[in-house]
Amino acid sequence: MRYWLFMAAAIVTEVIGTVAMKYGAHQGSRAAGLTVMFVMLVLSYTSLAMAIKRIPLAVAYGMWESLGLVLITLCSAWLFAENLTPIKLAAIALIIGGIVLLERGTDEAPARAGDDHAA
C-alpha cells in the first residue's frame, strides 16, 4: 500500500509543478512558478523512484505520465479556461482505459527480504 501512496504523491507533485509553471507565466511571477515547478518535479521523481520498488515500471511510468496528463488537462480547463472539447474528453477516457488494462495485465513485483518490511 505504501508504494501506491508514493505513486499518488508522484502524480500529484508532477501536476502541481506543471500547473505552477503555467500559472507563474500567466501571473507575471515566472521565477516563482519555475521554482515551485523545480521543487515539485524533484519530489515527483523521488516519489516515483520509491514507487517502482514494488510497482512494475511499465505500470508506474504509464500511470505517472497518463494520469498526470489527464489531471493537467482538467486543471488547465478549470484554472486557465482552456477548452475541454469532446475529443479531449474521449482521449481522457481512452487514457484511463489504457491505464486500467495495463495495470490488470501486470503482476506487482514480489516483496524482497529487507525491502522496507515488504509493506
Side-chain angles (χ1 to χ4, degrees):
M1 177 66 179
R2 173 183 347 171
Y3 298 97
W4 288 104
L5 293 175
F6 284 125
M7 188 74 244
I11 294 166
V12 169
T13 53
E14 178 200 16
V15 171
I16 292 169
T18 304
V19 170
M21 176 180 56
K22 172 106 175 179
Y23 187 81
H26 279 270
Q27 298 302 317
S29 57
R30 181 175 233 134
L34 291 175
T35 300
V36 171
M37 179 199 71
F38 178 76
V39 170
M40 290 295 114
L41 291 181
V42 166
L43 290 173
S44 180
Y45 274 95
T46 302
S47 297
L48 182 62
M50 297 300 293
I52 62 172
K53 286 183 175 184
R54 286 284 305 276
I55 300 171
L57 182 58
V59 172
Y61 187 76
M63 287 182 71
W64 181 66
E65 283 293 329
S66 300
L67 289 178
L69 177 64
V70 167
L71 292 173
I72 288 166
T73 301
L74 295 174
C75 287
S76 295
W78 175 49
L79 295 171
F80 306 115
E82 293 182 6
N83 292 333
L84 196 56
T85 64
I87 291 175
K88 284 184 182 179
L89 292 172
I92 288 171
L94 288 171
I95 289 168
I96 292 171
I99 293 167
V100 169
L101 289 174
L102 183 62
E103 199 278 326
R104 296 269 186 212
T106 308
D107 294 328
E108 190 170 288
R112 295 178 298 175
D115 187 17
D116 295 329
H117 304 292

Margin query: Tell me which pairs pass salt bridge (charged side-chain N to carboxylate O under 4.0 Å, His left out) where either residue lies in residues 36-49, with sequence neighbours left out.
Written below: none

Next item on the list: Consider only side-chain heavy atoms of I, L, V, M, F, W and Y, link residues closer than 4.5 Å, and tell whether L43 and I55 are in one cluster.
Entry: no

For residues 65-79, tabulate all N or O donor-acceptor pairs below 3.5 Å that involve a side-chain atom, not counting sequence neighbours.
residue	atom	partner	partner atom	Å
S66	OG	G62	O	2.8
T73	OG1	L69	O	2.8
S76	OG	I72	O	2.8

Margin query: Using a 4.5 Å cut-off between side-chain heavy atoms of Ile, Leu, Val, Met, Phe, Trp and Tyr, which other residues end up in the same hydrophobic cluster as L34?
Written below: M21, M37, L41

Notebook entry, point to check: Do the side chains of I96 and L101 join up, straight or via other hydrophobic residues, at under 4.5 Å, putting them in one cluster?
Noted result: no

Next item on the list: Determine, using the 4.5 Å side-chain heavy-atom cutoff (strictly less than), whether L48 and V42 are members of one ILVMFWY cluster.
Entry: no

Side-chain donor-acceptor distances from residues 6-19 under 3.5 Å, at least two apart:
residue	atom	partner	partner atom	Å
T13	OG1	A9	O	2.7
T13	OG1	A10	O	3.3
T13	OG1	S44	N	3.3
T18	OG1	E14	O	3.0

Next item on the list: Only pairs at least two apart or in different chains count here, so list each ring-ring contact (aromatic ring centres under 6.0 Å, His included) that has a residue in residues 29-53.
Entry: Y45-W64

Checklist line | CA sep, side-chain torsions, deciding dist, call: K53, Y3, side-chain contact (heavy atoms from CB on, under 4.5 Å) | finding: CA-CA 7 Å; K53 286 183 175 184; Y3 298 97; 3.7 Å; yes

Item checked: ILVMFWY cluster, V36 and Y23 together (side-chain gap under 4.5 Å) -> no

Under 3.5 Å, which donor-acceptor pairs link side chains of residues 80-88 to any protein atom two or more places apart or in another chain?
residue	atom	partner	partner atom	Å
E82	OE2	K22	NZ	2.9
T85	OG1	K88	N	3.2
K88	NZ	N83	O	2.8

